[in-house]
Amino acid sequence: MSNFRTCSITGLKVHLPAEKLIKINAVTAIVFLLVGGILGLLLVLTRWQAVHILPPEFFYRFLTLHGIAMLVAWIIFWEMAALYLTSAILLNSRLAVPWVGWLQYLLMLVGGGMVAVIILLGGADVMFTSYVPLKAHPLYYLGVILFAVGAILGCVVFFATLVVAKTEGTYSGSLPLVTYGAAAAAIIAIITLSHGAIVFIPTLLWSAGLIPPMDAEVYRLIFWGFGHSSQQINVCTMVAVWYMLGTLTVGSTPVNEKVCRTAFVLYILFINIASEHHILVDPGFSAAHKSWNTSYFMHLAVLASMIHAFSVPAALEVALRKKGYTRGTFEWLKKAPWGNPGFSSLFLSLVGFGFLGGTTGVIFGTEQLNILSHNNLRIPGHFHATVVAGTTLAFMGATYYVLPLIFQREVAFPGLAKIQPYLFGIPIMLFSTFMMVAGGFGVSRRSADMYGSGGFSVEYSPIVDISLSIMGISGVVACLGGAAFCVISVATLIIGKKIVAK
Amino acid sequence: MSITPVPPGWWKMPLHKEEKWWISIALVWCIAITIAMPAWHFVGKQNSSQEYYTISTEDYNTLAEEFMEKYKTGVETAGDWEWDVVTPPPGSDIYLRSMQWKWDPILKLKKGETYRLHLSSIDVLHGLSIHPLNMNFEAVPGWDYVLTITPTQAKEYRIICNEFCGADHHGMIGKIIVE
Ligand code: HEM
Ligand SMILES: [Cu+2]
Ligand SMILES: [Cu+2]
């Protein structure tokens, strides 16, 4: 049994190979976050039209890399760490096949690295969506495929570990809710990432000159069929992390396991189908087709989010009231541990995702309103609320627990850590909001210069200037918040005080 | 605890009153918006077009060039760019061709008249954003997307490309004149 240590804080049995994989995936995730964040700073300083620092060539190149480094690399590497944590560690089990885990890491690293290098060399100025017939270097598509295959292997290791834990009887009863949520995420991941790997095969062959291009609209349908659905991996993992942070920060217990678990099942069943809101203003599909896809099924997935929107805060309230904060309606909220970065991340992530990200998603995804939102700044405004204020912030909060529990070091700069979630979360919500305001006045997304390049000029409402300035300032502050997170994490690994077993 | 295994029996735990209320309200709301969106498709008048045909980029290009030649009434320049100004008769089929990095031609339309606008691209994807109306449609190579339009305001509109289409994507700005 030399392959295990016992955690001095939680008493959990920690499988060392699993721990190593969690460490390496988490560190790699943070490196990509750092790269993506530096690019984000340059991008926001360009879209803030009064500053406008990048020339178009670099704006498009960096925008492509920012999308990949953040949405793909940071998030999925972190999710791999989460999968190993919620399976092997929480279940007191060994990780099923560590060498497949290493293969996961290697494929994702090589794939992600290849994509990043090709983009920086100028071989793939196509945005992360790489819509055909805009063409990138074949190695770009190959890199994406390797990355996706690696991530699928991570999910396989996760499920194999669940089987091992069950057969070896390392736990009794049903899976913890967090593991259950991670399993839902892993199921969605296997479905969507395999689709992703599959669409990129004909694209790769076309880019290598072997087959004719695929129809542009068919590509868009298939791309978003997995591209949108794969966002639900992030939603599912984020919700699982919310429950985990609730327990770690205030000792909360889900109010009703049946309700929470059913909601996760709704995600698996229904969210995969809402992806046609990306093609609402495209030719090629009838309104009946699009409405069916985007309304009926999507709203059942929205129901799942509404259920979590109740269950997560309800669990926090119950736990805090048990601690004796029972005066009035809101004493529990006032006395909540606001200085604990795990808790403040959880809370801000809940607010940002729920009130800003989720609601705008439902609004912009409506058949008619989409005409007013398609491809303008409303769209990046919406998803910086979901995937940054929501997912990224939740993952940051959880990292503050992974550092002591897995890396066995005390979090460095605790004073900075206390304010970091606010420094990142609040400005990113402002950033998103004012991006959406500017989008409402017709400022398009992915544009290196909204005034054009020497042909016809364009005039905008004066509100646009103000909105973009607020967006710019809050974006820069959010970058400081993101940088603070990276500094704290890296410093913890290097100079954080080692936690020694009692 | 959500991070520890759950003892058997959790499935039988009854829901609290508040939970039942919340889930019921959420479900009713979800059903309401599920009905509202398709219903508005029939009641409202803000739907995107449902008329489209497949067409090869060469054929579309030929049609667009014939159209421009037939109704050309002038030329306009801005910077290094030059456009044909085309004044089609009311009620006709009109073409708006997108290519890297130009909208062709400059259309001159009459207020209150209806036209059938054929939108497509002859190379990569482009996006039609009619400014300042902020109405947005996708221009897809291989597809002739027919938008039936009736301009209601005499004005010079800009058309901005809002789908990334390569190096000078941001410079792809055209014009529709309504008089
Ligand atoms: C403080 C941090 C960040 C800042 C200041 C920032 C800023 C920006 C800006 C200015 C754009 C360009 C919008 C446009 O012109 O269309 C952008 C795009 C994007 N960002 Fe961020 N961002 C940040 C963090 C993140 C994170 C953490 C993620 C993902 C988890 C993310 C994902 C994306 C994606 C997917 C795009 C779209 C790329 C595309 O259109 O192809 N960003 N970001
Ligand atoms: Cu274009
Ligand atoms: Cu463009």
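A quick note: this is a predicted structure, and the numbers were derived from the prediction, not measured.
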* Could you tell me whether a side-chain N or O of R446(A) sits under 3.5 Å from a main-chain N or O of N162(B), the two making a donor and an acceptor? => no
* Structure fact -> Scored by heavy-atom pairs under 4.5 Å with chain B, the best of A216(A), C260(A), A287(A) is A287(A)
* Kindly say whether L280(A) contributes a backbone atom to a donor-acceptor pair with the side chain of S48(B) at under 3.5 angstrom? => yes
* Test side chain to side chain donor-acceptor pair (under 3.5 Å) applied to S305(A) - qualifying residues, sequence neighbours left out -> Y267(A)
* Asked: Does some side-chain heavy atom of L177(A) sit less than 4.5 Å from a side-chain heavy atom of W10(B)?
  -> no
* **Verdict with reasoning, L63(A) to F164(B), per side chain to side chain contact (heavy atoms under 4.5 Å, CB included)** => CA-CA 11 Å; L63(A) 184 53; F164(B) 177 71; over 6 Å; no
* **Region of I106(B) in contact with chain A, defined by heavy-atom distances below 4.5 Å** => side chain
* Asked: Looking at G79(B), S121(B), G166(B), G171(B), which one has more heavy-atom pairs under 4.5 Å with chain A than the rest?
  -> G171(B)
* Spell out, as yes or no, whether a donor-acceptor pair under 3.5 Å connects the side chain of N256(A) to the backbone of P14(B). => yes
* For the residue pair H170(B) and P56(A), what are the closest heavy atoms and their distance? -> CE1-CB, 3.4 Å
* To do: Could you grab the distance from atom CD of E367(A) to atom CD of Q46(B), nearest 0.5 Å is fine?
  => 10.0 Å
* Donor-acceptor under 3.5 Å (Y52(B) side chain, S286(A) main chain) -> yes
* Region of S252(A) that comes under 4.5 Å of a non-hydrogen atom in chain B -> backbone
* Taking every heavy-atom pair that is under 4.5 Å apart, which of I23(B), L15(B), I35(B) has the most such pairs with chain A? -> L15(B)
* Structure fact -> Pair count under 4.5 Å, heavy atoms only, with chain A: among W40(B), W22(B), W81(B), highest is W22(B)
* Structure fact -> The side-chain contact (heavy atoms from CB on, under 4.5 Å) partners of L27(B) (sequence neighbours excluded) come to L303(A), I31(B)
* Tell me, with the steps shown, if F310(A) and W21(B) meet ring-ring contact (aromatic ring centres under 6.0 Å, His included). => CA-CA 11 Å; F310(A) 178 89; W21(B) 269 107; over 10 Å; no
* To do: Side-chain contact test, heavy atoms from C-beta onward, threshold under 4.5 Å: evaluate it for V6(B) versus R261(A) and give yes or no.
  => yes
* Name the member of G246(A), P254(A), G284(A) that forms the most heavy-atom pairs with chain B at distances under 4.5 Å. => G284(A)
* Kindly give the heavy-atom pair with the smallest separation between V281(A) and Y145(B), and that separation in Å. => O-CE2, 3.2 Å
* To do: Could you please spell out the steps behind the side chain to side chain contact (heavy atoms under 4.5 Å, CB included) verdict for V255(A) and E19(B)?
  => CA-CA 9 Å; V255(A) 179; E19(B) 271 177 308; 3.9 Å; yes
* Asked: Between N92(A), V259(A), V443(A), which has the largest tally of heavy atom pairs under 4.5 Å with chain B?
  -> V259(A)
* Step through it carefully: locate the ring centre of F456(A), locate the ring centre of W103(B), and say whether they are under 6.0 Å apart. => no
* Measure the SG-CE distance between C165(B) and M127(A) for me, rounded to the nearest 0.5 Å. => 10.0 Å
* Closest non-hydrogen atom pair between I3(B) and P176(A), with its separation -> C-CB, 3.6 Å
* Could you state the interatomic distance from NE2 (H126(B)) to CG (N375(A)), rounded to the nearest 0.5 Å? -> 13.0 Å
* Counting only heavy atoms closer than 4.5 Å, note whether E163(B) contacts chain A via side chain, backbone, both or neither. => both
* To do: Taking the side chain as every heavy atom from C-beta outward, state whether Q368(A) and H41(B) have any pair of such atoms under 4.5 Å apart.
  => yes
* To do: Assess whether side chain to side chain contact (heavy atoms under 4.5 Å, CB included) is satisfied between W242(A) and S2(B), documenting all intermediate values.
  => CA-CA 10 Å; W242(A) 284 349; S2(B) 48; over 6 Å; no
* At a heavy-atom separation under 4.5 Å, does E18(B) approach chain A through its side chain, its backbone, both, or neither? -> both
* Would R220(A) and E138(B) pass as an ion pair if we require N to O under 4.0 Å? -> yes
* Taking all heavy atoms of I160(B) and all of S444(A), pick out the closest pair and write down the distance. => CG2-OG, 4.3 Å
* List the steps and the verdict of side chain to side chain contact (heavy atoms under 4.5 Å, CB included) for M37(B) and V362(A). => CA-CA 11 Å; M37(B) 186 163 122; V362(A) 173; over 6 Å; no
* Asked: If you measure only the distance, is there a donor-acceptor pair under 3.5 Å linking the side chains of W143(B) and D215(A)?
  -> yes
* What part of W29(B) gets closer than 4.5 Å to chain A, counting heavy atoms only: side chain, backbone, both or neither? -> side chain
* Leading residue by heavy atom contact count with chain B [cutoff under 4.5 Å; candidates S447(A), G439(A), A448(A)] -> A448(A)
* Structure fact -> One should read off an interatomic distance between D168(B) CG and E57(A) CD, to the nearest 0.5 angstrom, of 12.0 Å
* To do: Please state whether the side chain, the backbone, both or neither of N47(B) comes within less than 4.5 Å of a heavy atom of chain A.
  => both
* **Side chain, backbone, both or neither of Y60(A) within contact of chain B (heavy atoms, under 4.5 Å)** => side chain
* Structure fact -> Between G452(A) and I173(B) the two heavy atoms that sit nearest each other are CA-CD1, 3.5 Å
* **Non-hydrogen side-chain atoms of P133(A) and P141(B) separated by less than 4.5 Å** => yes
* For atom NZ of K258(A), decide whether the heavy atoms of other residues, nucleotides or ligands shown that lie under 6.0 angstrom number more than 12. => yes
* To do: Heavy-atom distances under 4.5 Å only: say whether Y180(A) touches chain B with side chain, backbone, both or neither.
  => neither
* Structure fact -> If one checks every heavy atom of E257(A) against chain B at 4.5 Å, the contacting part turns out to be both
* Asked: In terms of heavy-atom proximity below 4.5 Å to chain A, should A167(B) be classed as side chain, backbone, both, or neither?
  -> backbone
* Structural part of D123(B) lying under 4.5 Å from a heavy atom of chain A -> backbone
* Asked: Given a strict heavy-atom distance threshold of 4.5 Å, which part of S172(A) is in contact with chain B: side chain, backbone, both, or neither?
  -> backbone
* Sub-4.5 Å side-chain heavy-atom contact between I371(A) and F137(B) -> yes
* Pair N134(B)-N376(A), side-chain donor/acceptor within less than 3.5 Å -> yes
* Kindly indicate whether the side chain of T262(A), heavy atoms from C-beta on, has any atom under 4.5 Å from the side chain of W11(B). => yes
* **Contacting moiety of F59(A), where chain B heavy atoms sit under 4.5 Å** => neither
* To do: Name the region of L372(A), side chain, backbone, both or neither, that has any atom closer than 4.5 Å to a heavy atom of chain B.
  => both
* Can you check whether H131(B) and Y460(A) have ring centres sitting under 6.0 Å from each other? -> yes
